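A quick write-up on the structure given underneath.
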Amino acid sequence: MASYPLNKSLSLRNSSEIDVVFKNGKKISSNLISLHYLNSGHPKMRIAFSVGKKSHKLASTRNKLKRLMKEAFRLNAIDFIEQHLCCDFVFVYFGSDKVNFNDVEQSMKSLLLSFQTKNLS
RNA sequence: UAUGUGAAUCGUCUUGUCGCUAUUUAUAGAGGAAAGUCCGAACACCACAGUACAGCACAAUGGCUAACGGCCAUCGGUCGAAAGAUUAGGAAAAGUGCAACAGAAAGAAUGUACAGGUUAUGCUGUAGUGAAAUCAUGUAAACUCUGUGCGGUGAAAUGCCAUGUAAACCAGCUUAUGAGAGUUGUACGCUCGAUGCUGGAGGGUAGGCAGCUAGAGCAUAUAGGUAACUAUAUGUCAAGAUAAAUGACAAGAGCUUUUUAUAAAGUACAGAAUUCGGCUUAUAGAUUCACUGAAAAG
């Protein structure tokens, strides 16, 4: 199974830029995850993952959910990355604490699909 | 033996595929609590830290430690049949406050009954309530007193680089006879000192590097000590991220529960953020050692 590496250069790190995405960007959501995105004019696309502190109090569960999202994105986003979009993406998880990887992956797939169709039309 | 008590340890593992972070490109990569941020330090800056008051903490005796409000030992109190557990354990003849219920009354009080005594009252004794009833007593996890200790801030410290017209503009006040600033609550003292303070209107940054992982380090052995702990020798280097790496999937094994040897379900608490020593709280399950001998059973 081929997949695309997801390293430090692709991640969106600056907190103020993430705030900008939340404020001015558009939003799509599936059953577990929502995606905020903004055409930023930055040469590379950049991605961040976020889990709310209010809904998930323990740091370890937040950590786990972020990793699950990351993995789901990494395994399913090959076509997505090859388009070389100049966008910033922020994925926000709002589901419950107890999920397995398959659920997250399904949700991520449907989210990416809906983004594609919206973007093409 | 079960049960009980105490101390200590572990807290899933292996293989494959795909990935993440660091850099030496080959290796390494989350805990016993990484948590709470409750104490004590290292380190940094402010007079390498001053004085007085205020404030805070602690409190049997002896020891350990870099230090402590921590730990160890012993004595006393309380609980337990025992092994053991637990203990904010100085002072009430300096003063103030408080003392449920009961009781006339818990101190600006002194009632009732009986007896004694007296001309009579005051007075004396006994009874009853209560933990305590008259030179009161108890209480300091009430104020207080005594003794001892304590300067502040906290890696968002601090230093350097970059960016920004940034010492821009307007009004008022003040000023080397000292404005004002400096990290102790107040007063003093000390240091710096005109690039000052207040208001208005307007604009911009909030990024990087160091600090940042060799340390009161870890393991083993020997010696001293009842112990906490200390000394010596040998070996060893073991995460360094910053919207924050340490992951996902598949297969197998282990453990627990249910069950019919198949099989099914479960496998805690929880995620480093400058670094150490403690305390407190959360925790499925497993292991080892020492000790006790009440009731009940053999």
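Please read all numbers here as calculations on a predicted model, not as lab measurements. The chains referred to below are lettered A, B, ... by the order of the sequence lines, with proteins before strands, and numbering in each begins at 1.
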What's the gap between [N] and [M] when it is taken at their [atom1] atoms, as a whole Å value?
N       : M       : atom1 : answer
B/rC276 : B/rG215 : C1'   : 8 Å
B/rA7   : B/rA83  : P     : 16 Å
B/rG235 : B/rU246 : P     : 38 Å
B/rC150 : B/rG40  : C1'   : 12 Å
B/rA82  : B/rU5   : P     : 15 Å
B/rA41  : B/rG55  : C1'   : 23 Å
B/rU112 : B/rA105 : P     : 14 Å
B/rG130 : B/rA106 : P     : 16 Å

Please name the nucleotide paired to [N] by Watson-Crick or G-U wobble geometry with both distances under 3.5 Å, or report none.
N       : answer
B/rG147 : B/rC58
B/rG40  : B/rC276
B/rA34  : none
B/rG138 : B/rC98
B/rG211 : none
B/rU9   : B/rA286
B/rA133 : none
B/rC218 : B/rG235

Listed partners of A/E105 passing salt bridge (charged side-chain N to carboxylate O under 4.0 Å, His left out), at least two apart
none
Side-chain N or O of A/S60 less than 4.0 angstrom from OP1 or OP2 on B/rA270?
no
So how far is it from [X] [atom1] to [Y] [atom2], rounded to the nearest 0.5 Å?
X      : Y     : atom1 : atom2 : answer
A/I33  : A/M69 : CD1   : CE    : 6.0 Å
A/K70  : A/F91 : NZ    : CZ    : 12.5 Å
A/S107 : A/L68 : OG    : CG    : 11.5 Å
A/K64  : A/L58 : NZ    : CG    : 12.0 Å

Between protein and nucleotides 245-249 of chain B, what N or O pairs are separated by less than 3.5 Å?
unit_1  : atom_1 : unit_2 : atom_2 : d
B/rU246 : OP2    : A/R67  : NE     : 2.7
B/rU246 : OP2    : A/R67  : NH2    : 3.1
B/rG247 : N2     : A/E71  : OE2    : 3.1

Does B/rG32 fall in syn (glycosidic angle within 90° of 0) or anti?
syn
Could you check B/rA243 for me: syn (within 90° of 0) or anti?
anti
Separation of A/R62 atom CZ from B/rA35 atom P, in whole Å?
13 Å
State which residues pass side chain to side chain donor-acceptor pair (under 3.5 Å) with A/S34; sequence neighbours excluded, sorted by chain then number.
none
Find which nucleotide of RNA chain B each of A/S50 and A/L58 is nearest to by heavy atoms, and output the residue with the more 5' nucleotide.
A/S50
Are the side chains of A/Y93 and A/L32 in contact, using a 4.5 Å heavy-atom criterion?
yes
Partner residues of A/K66 under the side-chain contact (heavy atoms from CB on, under 4.5 Å) criterion, sequence neighbours left out:
A/F49, A/V51
